[in-house]
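A short write-up of the structure that comes next.
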Amino acid sequence: MPKQVDYGSRRRRIAEAVCVLADEQGPEGVSMRDVAARAQVSLGAVQRCFRTKEEMLLFAVEHVGERVTERVRARIAAGPAQSAATALGHATDEVALLREEHRAEARIWLAFVAQAAVGASLAEPLRNSYAALQDLFVRLITEAAASGPGGGAADAFADGPDAVREARTLLALTDGLTGHVLIGHLTAKEAEGVLHAHLAGLWARLGVTGPEAKG
């Protein structure tokens, strides 16, 4: 009986190899042959999973985005009784990729972003990842606002921030802090202080009790 191949698992294994190589030499320097060697599979196995290098890179971008998003969701699910404000704090911590164990992932993500700026094909999966995270931020901000003195999100936003605008600002801030830490302009602790201070300002505008700002 012929051996059954788990193509989903193999594609993820190849994506991990792409990420390692992209971290070492940038996405533009990744070849299917090098990926096959790093993943310890044949070139034919890579080509059966991905018809072109572009298709392989697109999957790798989606893979990294899904990994971050799933980690955010797991962090939120781990504390079902936590407030939306606390959950948003946890989510932004994960998205900013400030911890040392996520430093390689941060380099890979920004390498893909840089490549997407000059190669439109990578832009779509990045936009999709950012859109998913923005939607999550909007939901958490809206839920937090609903717990404020207005008695509902609409009332809370009447004289305060708009949820979509705030979510976009927060997403841009987390992305920017990732880069600042990578180049050494800020330490991870300093970046966390900036992020938590921004969140504290948001909760103050909404009249919501949130986690204390740090740094």
Side-chain angles (χ1 to χ4, degrees), residues 19 23 61 64-114 116-117 126-149 153 156-157 159-215:
C19 290
D23 187 27
V61 173
V64 175
E66 288 170 1
R67 194 163 62 190
V68 174
T69 303
E70 285 306 310
R71 199 160 58 231
V72 169
R73 288 172 177 155
R75 184 89 181 268
I76 293 172
Q82 66 191 331
S83 68
T86 299
L88 184 63
H90 291 329
T92 53
D93 280 344
E94 292 293 344
V95 173
L97 299 173
L98 300 179
R99 292 201 294 275
E100 183 64 35
E101 62 265 32
H102 297 150
R103 204 60 51 82
E105 197 171 63
R107 289 194 301 268
I108 295 162
W109 182 257
L110 291 189
F112 281 135
V113 170
L126 287 168
R127 286 196 299 267
N128 291 339
S129 292
Y130 282 127
L133 291 170
Q134 179 180 301
D135 288 346
L136 176 62
F137 286 2
V138 168
R139 178 174 66 79
L140 292 173
I141 291 170
T142 302
E143 289 177 4
S147 70
F157 285 147
D159 298 310
D162 170 78
V164 174
R165 185 187 69 241
E166 285 295 339
R168 288 172 176 166
T169 300
L170 196 49
L171 191 56
L173 177 60
T174 57
D175 231 27
L177 290 174
T178 303
H180 282 239
V181 171
L182 283 181
I183 65 173
H185 174 63
L186 296 175
T187 65
K189 185 176 181 180
E190 288 169 340
E192 287 174 357
V194 171
L195 183 56
H196 296 159
H198 177 83
L199 286 170
L202 172 61
W203 304 141
R205 292 195 297 277
L206 288 175
V208 173
T209 300
E212 294 183 0
K214 299 180 182 179

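- For the pair Leu97/Arg71, a side-chain contact is recorded, criterion being any heavy-atom separation below 4.5 Å from C-beta on.
- Looking at heavy atoms from C-beta onward, Ser129 lies out of side-chain contact with Val68 at the 4.5 angstrom threshold.
- The two atoms that bring Ala104 and Asp23 nearest to each other are CB-OD2, 3.9 Å, heavy atoms only.
- Between atom OH of residue Tyr130 and atom OG1 of residue Thr174 there is a gap of 7.5 Å, rounded to the nearest 0.5 Å.
- Once rounded to the nearest 0.5 Å, the distance linking CZ of Arg168 with CG of Leu133 reads 14.0 Å.
- Expressed to the nearest 0.5 Å, how far CG of Leu199 lies from OG1 of Thr92 amounts to 4.5 Å.
- Between atom CD of residue Glu105 and atom CZ of residue Arg99 there is a gap of 10.0 Å, rounded to the nearest 0.5 Å.
- The minimum heavy-atom distance linking Thr142 with Ala163 is given by the pair OG1-CB, 3.6 Å.
- Residues Glu94 and His102 meet the side-chain proximity criterion, which asks for heavy atoms closer than 4.5 Å.
- Val72 approaches Ala91 most closely through the heavy-atom pair CG1-CB, 3.6 Å.
- Asp93 has its side chain within reach of Leu195: a pair of non-hydrogen atoms, C-beta onward, lies under 4.5 Å apart.
- A heavy-atom distance below 4.5 Å is found between the side chains of His198 and Glu166.
- Here the straight-line distance linking atom CZ of Arg73 with atom CZ of Arg75 works out to 16.0 Å at 0.5 Å rounding.
- Looking at every heavy atom in both residues, Ile76 comes nearest to Leu140 through CD1-CD1, 4.0 Å.
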### Message
Test side chain to side chain contact (heavy atoms under 4.5 Å, CB included) on Leu170 and Leu88; report intermediate values, then the result.
### Response
CA-CA 10 Å; Leu170 196 49; Leu88 184 63; 3.8 Å; yes

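- Side-chain atoms of Leu173 and Val194, non-hydrogen and from C-beta on, do get closer than 4.5 Å to each other.
- Annotation: side chain of Thr178 is not in contact with side chain of Trp109 (no heavy-atom distance under 4.5 Å).
- The side-chain heavy atoms of Leu177 and Glu192, taken from C-beta on, include no pair separated by under 4.5 Å.
- Of all heavy-atom pairs spanning Ala84 and Ala144, the tightest one is CB-N, 3.6 Å.
- The distance from the CZ atom of Arg103 to the CD atom of Glu101 is 9.0 Å, given to the nearest 0.5 Å.
- When all heavy atoms are compared, the tightest approach of Ala116 to Leu126 is CB-CD1, 3.3 Å.
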